[in-house]
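Order of listing sets the numbers, starting from 1, for every ligand and every atom in it. The residues of the chain are indexed from 1 along the displayed sequence.
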Amino acid sequence: MVSLATTIGSVELRAPVLTASGVVGHGVEFARYLRPSELGAIVVKSMKSTPWQGNPAPRLLPTAAGMVNSVGLSGPSLAHWLANELPRLEVTGASVVASIWGNNIDEYHEAAVVLSKAPDCLVAVEVNVSCPNLDDRNRMFAHSAEATAQAVAASRNSGLPCWAKLSPNAADIVEIAAAAQSAGAQAVVLTNTLLAMVIDPETRRPLLGAKRGGLSGAAMRPVAVRACYDVHEAIPDLPIVGVGGVTNCEAVVQFLAAGACAVEVGTATFADPRAPLRILRDFTTWCDRHDIAQVRDLVGSAHN
Ligand SMILES: Cc1cc2nc3c(=O)[nH]c(=O)nc-3n(C[C@H](O)[C@H](O)[C@H](O)COP(=O)(O)O)c2cc1C
């Protein structure tokens, strides 16, 4: 039987399927549907040092092959989560990845300082740089190599292995990934949602409360696979976590072949909250049927 263990930089995970940030809340809600300890890790919704309200409704719209959301990173403060929600997730035996964001570089630093007091179940911090930088005319951190590097460097105080979550809308994602690595990221998470909008034909107005949102789900899978492929080809020593439209085990194989060491499942959990576990089990069967002894044998195989 295939050995499912995988390694992301210094982090060893029991399986290559994780949840994606933002789709399982802050973790405990999700434990009703499956045992979080069976997955590689639970990546919780992005938080910062102070609570954040997020965007006006409507925040979610279905599209042909996925959804568009403008949730806007609403959530409690990191300190509240550490004290009140993380302990309930910790008892499930899950490996947990915290996700942080900021409106400016100082807020990444503040978030990382709060996380430095976190318990052992936290195995890494995902630094979500796919959000607007208020000090740079709302330009996304992840669209600038310099801002990405600054946000990653500011997040290193947490003492946890740092993963940089990038945007597929960057003009040159290899340049951004290299900047994240130089600033101390052990891995990159590829990718966050694609910038998107839906307009109501009757009113001729944008439908989302915040007008603009992000496209996720199967529709974006080829974009995220391409990002993984390009980054692995240019920087083969940089571990990648692939995310975007992982809805089945074949998608996991695509991301691993492109160069990812693990994948995260997001939008698929809206249709089926057990999707991450179903996909992991199907992937295990797929590996056994294809005589794959270990996950690492698949990683980067599209480049050979
Ligand atoms: C409703 C919703 C909320 C999300 N919130 C976050 C978030 O808080 N932080 C983050 O880094 N990504 C967030 N994402 C992006 C996902 O983690 C993921 O990168 C993206 O949806 C692509 O994966 P998928 O196609 O499997 O959903 C969110 C996505 C959705 C659909």
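Residue contacts with ligand 1, taken as heavy atom pairs separated by less than 4.0 Å, involve Asn69 solely via side-chain atoms from C-beta onward. With a 4.0 Å heavy-atom cut-off, ligand 1 is reached by no atom of Arg221. When non-hydrogen atoms are compared, ligand 1 lies under 4.0 Å from neither the backbone nor the side chain of Val43.
Not close to ligand 1: Thr247, with no non-hydrogen atom less than 4.0 angstrom away. Not a single heavy atom of Val189 sits closer than 4.0 Å to an atom of ligand 1. Heavy atoms of Ala268 stay at 4.0 angstrom or farther from ligand 1.
Among protein heavy atoms, the minimum distance from atom 12 (N) of ligand 1 is reached at Lys165 NZ, 3.1 Å. For atom 14 (N) of ligand 1, the nearest protein heavy atom (residue, atom name, distance) is Ser21 O, 3.2 Å. With respect to atom 3 (C) of ligand 1, the closest heavy atom belonging to the protein is Gly22 O, 3.6 Å. Nearest protein heavy-atom contact of atom 20 (C) of ligand 1 is Thr193 CG2, 3.7 Å. From the protein, the heavy atom lying nearest to atom 21 (O) of ligand 1 is Ser216 CB, 3.2 Å. If you check which protein heavy atom lies closest to atom 15 (C) of ligand 1, you get Asn192 OD1, 3.4 Å.
The contact set between ligand 1 and Val243, taken as ligand atoms under 4.0 Å from a residue heavy atom, comprises 18 (C), 19 (O), 22 (C), 23 (O). Interface atoms of ligand 1 facing Gly245, defined by a heavy-atom separation under 4.0 Å, are 24 (P), 25 (O), 26 (O). Under a 4.0 Å criterion applied to the non-hydrogen atoms of Thr267, ligand 1 contributes the atoms 24 (P), 25 (O), 26 (O), 27 (O), 31 (C). Using a 4.0 Å cut-off to heavy atoms of Met220, the atoms of ligand 1 that qualify are 22 (C). Distances below 4.0 Å separate heavy atoms of Ala20 from the following atoms of ligand 1: 17 (O). Annotation for ligand 1: atoms under 4.0 Å from non-hydrogen atoms of Leu60 are 1 (C).
For the pair Lys45 and ligand 1, the shortest N or O to N or O distance falls below 3.5 Å. The N/O atoms of Asn128, backbone and side chain alike, include one that comes under 3.5 Å of an N/O atom in ligand 1. Distances between N or O atoms of Thr191 and those of ligand 1 include at least one value under 3.5 Å. Backbone and side-chain nitrogen or oxygen atoms of Glu264 are examined, and none is located within less than 3.5 angstrom of a nitrogen or oxygen of ligand 1. Checking only distances, Ser46 does come within under 3.5 Å of ligand 1, N or O to N or O.
Using modelled atom types, no side-chain atom of Asn69 and backbone atom of Gly213 make a donor-acceptor pair closer than 3.5 Å. Between the side chain of Thr19 and the backbone N or O of Val43, at least one donor-acceptor pair lies under 3.5 Å. Side chain of His290 to main chain of Trp286: a donor-acceptor pair is present (N/O by atom type, distance under 3.5 Å, no hydrogens or angles).
You'll find the side chain of Ser74 reaches within 4.5 Å of the side chain of Arg59, heavy atoms only. Inter-residue side-chain proximity for Glu264 and Glu126 is flagged as met; some heavy-atom pair is nearer than 4.5 Å.
Residues Asn157 and His109 bring a donor and an acceptor atom of their side chains to less than 3.5 Å of each other. Side chain to side chain, Arg221 and Thr247 meet the donor-acceptor criterion of an N or O pair below 3.5 Å.
Cluster annotation: Val17 is connected to Phe270 through the hydrophobic network of ILVMFWY side chains, with a link wherever side-chain heavy atoms come within less than 4.5 Å.
When the heavy atoms of Gly217, Gly266, Ala224 are ranked by distance to atom 26 (O) of ligand 1, first place goes to Gly266.
In plain terms, the two heavy atoms of Arg212 and Ser70 that are nearest each other are O-CB, 3.4 Å. When every heavy atom of Ala79 is checked against every heavy atom of Val114, the shortest pair comes out as N-CG1, 3.8 Å. Considering every non-hydrogen atom in both Cys131 and Gly102, the closest pair reads SG-O, 3.7 Å. Closest non-hydrogen pair, Ala180 versus Val152, comes out as O-CG1, 3.9 Å.
To the nearest 0.5 Å, atoms CZ (Arg14) and CD (Glu12) are separated by 11.5 Å.
Note on ring orientation: taking the six-membered ring where Trp is involved, the planes of His303 and Tyr229 are parallel (angle under 30°, cut-offs 30° and 60°).
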